[in-house]
Amino acid sequence: MTSDQFSDAFLLEAERHAAWGAAQLEALTDFLPEGDWTADLAACRYRQGPLELRVGVLGTYDMNEQSWMWGWANPGLRGGEVVALAGAVERYGRAHGIAELTAEVLDLSGFPDPRRAAEMLAFTGMGVAEAAGYIGMPAGPATQVYFLPDDPQVPRPGLDPVTLPRTLLTGAGLIGRSPRHVVEGHFDHHGAPYRAEPDRITAELPGGGTAVVSFDGLGRIAGVELDVVRVGG
């Protein structure tokens with residue numbers, strides 16, 4: 001597959017995960033220790049410094065070819081447990097008609113920044129898999145491998161009313177096509193019931209209260225109003 005831009009279907013899917021995904025990557029970065037890394041792919045194990053995690057291989061980026069290969073398509077890994085999460089991404093892509101998730105190899109050489117395009121694929125794959133972030137590491141002089149942590153040790157940020165405005169605005173700024181998809185995807189991810197209207201989305205917050213996200217005439221986030229139930233004095 002060759003293109004100088006991603007499809008609308010892919011970009012809208014990416015935006016569904018933009019807010020919670022950015023927060024999750026920040027949490028993962030804070031959690032990972034400094035240190036060299038090693039991986040035992042047969043055992044689905046990744047070690048960085050003193051920390052060992054269960055992981056899957058999402059995909060690899062070839063810097064020379066400027067191409068991305070999904071883990072499920074890798075001849076040396078195909079059918080193995082270590083690419084089970086990547087395989088779930090491929091099945092989701094087929095079910096929802098997202099070509100970028102089903103092509104074994106994507107030629108990114110036509111993109112203005114092929115490396116950034118690879119990161120977008122990794123980010124969206126992480127989101128579709130509902131993974132706790134992704135870890136990109138050099139696996140050779142011209143290869144970057146992307147792992148998905150599949151381990152309860154990795155912290156997962158909840159729906160925090162205090163950080164919600166910043167989280168939504170950060171997510172809306174990542175791609176910038178549909179802030180509404182960003183907001184709805186964030187609430188969907190956290191299982192927060194919401195009501196969508198033309199100019200606003202009203203969500204029920206964990207522990208009580210509501211969040212009202214309003215949009216301006218251009219569909220941008222105009223404000224986030226919180227009505228939080230406080231328990232105790």
Side-chain angles (χ1 to χ4, degrees), residues 6 8 10-34 51 53 58 113 115-136 146-149 151-233:
F6 290 122
D8 285 342
F10 175 83
L11 291 172
L12 291 176
E13 182 63 34
E15 286 211 302
R16 290 186 57 245
H17 309 293
W20 77 261
Q24 183 61 57
L25 282 175
E26 185 177 328
L28 176 62
T29 300
D30 292 342
F31 174 72
L32 289 175
E34 296 290 334
L51 178 68
L53 296 173
L58 177 64
D113 186 343
R115 179 65 176 271
R116 187 175 185 276
E119 293 287 330
M120 179 71 78
L121 288 163
F123 182 86
T124 306
M126 171 207 84
V128 169
E130 295 278 327
Y134 69 82
I135 304 168
Y146 291 85
F147 298 100
L148 293 181
D151 196 303
Q153 295 181 77
V154 182
R156 288 180 178 264
L159 181 56
D160 181 2
V162 174
T163 60
L164 181 63
R166 177 178 68 87
T167 299
L168 293 178
L169 288 169
T170 298
L174 288 181
I175 301 171
R177 291 176 70 89
S178 175
R180 180 175 287 271
H181 272 70
V182 174
V183 175
E184 292 180 349
H186 191 65
F187 291 140
D188 282 337
H189 174 76
H190 289 291
Y194 62 86
R195 182 177 71 256
E197 300 173 78
D199 62 344
R200 71 188 60 208
I201 293 173
T202 304
E204 298 176 20
L205 296 173
T210 59
V212 179
V213 184
S214 57
F215 301 93
D216 64 17
L218 297 176
R220 300 170 300 193
I221 295 176
V224 181
E225 299 179 15
L226 302 173
D227 177 15
V228 182
V229 175
R230 303 189 185 280
V231 179

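Everything numeric in this text was worked out from a predicted model, so none of it was measured.
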Closest contact, heavy atoms only, Arg180 versus Phe215 | NH2-CD1, 3.7 Å

What are the two closest non-hydrogen atoms of Leu159 and Pro206, and how far apart are they?
-> CD2-CD, 3.7 Å

Under the side-chain contact (heavy atoms from CB on, under 4.5 Å) rule, what do Val182 and His17 come out as? Steps first, then yes or no, please.
-> CA-CA 7 Å; Val182 174; His17 309 293; over 6 Å; no

With sequence neighbours excluded, tell me which residues meet ring-ring contact (aromatic ring centres under 6.0 Å, His included) with Tyr194.
-> none

From Tyr146 atom OH to Glu119 atom CD, the distance as rounded to the nearest 0.5 Å | 3.5 Å

Pair Phe6-Thr124, side-chain contact (heavy atoms from CB on, under 4.5 Å): steps then yes or no | CA-CA 12 Å; Phe6 290 122; Thr124 306; over 6 Å; no

Kindly determine whether Leu25 and Tyr134 satisfy side-chain contact (heavy atoms from CB on, under 4.5 Å), including the steps that lead there.
-> CA-CA 7 Å; Leu25 282 175; Tyr134 69 82; 3.8 Å; yes

Pair listing, salt bridge (charged side-chain N to carboxylate O under 4.0 Å, His left out) test, anchored in residues 197-214, at least two apart = Arg195-Glu197

Search all heavy atoms of Gly219 against all heavy atoms of Pro179 and return the closest pair with its distance.
-> O-CG, 3.4 Å

Atom CG in Leu169, atom CZ in Arg220: separation rounded to 0.5 Å?
-> 12.0 Å

Do Trp20 and Thr167 have side chains that get closer than 4.5 Å, going by heavy atoms?
-> no

Smallest separation among heavy atoms of Ala132 and Pro149, with atom names | O-CG, 3.4 Å

Examine distances only and state if a side-chain atom of Gln24 and a backbone atom of Pro155 form a donor-acceptor pair shorter than 3.5 Å.
-> yes

Out of curiosity, Leu12 CG to Ile175 CD1, how far, rounded to the nearest 0.5 Å?
-> 8.5 Å

Going by atom types only, do His189 and Glu130 share a side-chain donor-acceptor pair under 3.5 Å?
-> yes

Sidechain-backbone polar pair: Glu225 side chain, Val212 backbone, donor-acceptor under 3.5 Å | no

In this structure, CG of Asp227 is separated from CG of Leu205 (nearest 0.5 Å) by 8.5 Å

Any Glu15 side-chain heavy atom under 4.5 Å of Leu174 side chain | no

Residue pairs passing the ring-ring contact (aromatic ring centres under 6.0 Å, His included) test with at least one member in residues 159-188, sequence neighbours excluded, are His186-His190

Between Ile201 and Val183, which heavy-atom pair has the shortest distance, and what is it?
-> CD1-CG1, 3.9 Å

Contact summary for Gly171 and Ala18, nearest pair of heavy atoms | O-CB, 3.4 Å

So, do Val213 and Ile221 sit near enough that their side-chain heavy atoms are less than 4.5 Å apart?
-> yes

Would a 4.5 Å heavy-atom cut-off, applied to side chains only, mark Leu53 and Phe31 as touching?
-> yes

Would you check if Asp160 and Leu164 make a side-chain contact, meaning some heavy-atom pair closer than 4.5 Å?
-> no

Electrostatic pair Glu13:Arg16 at N-O distance under 4.0 angstrom = yes

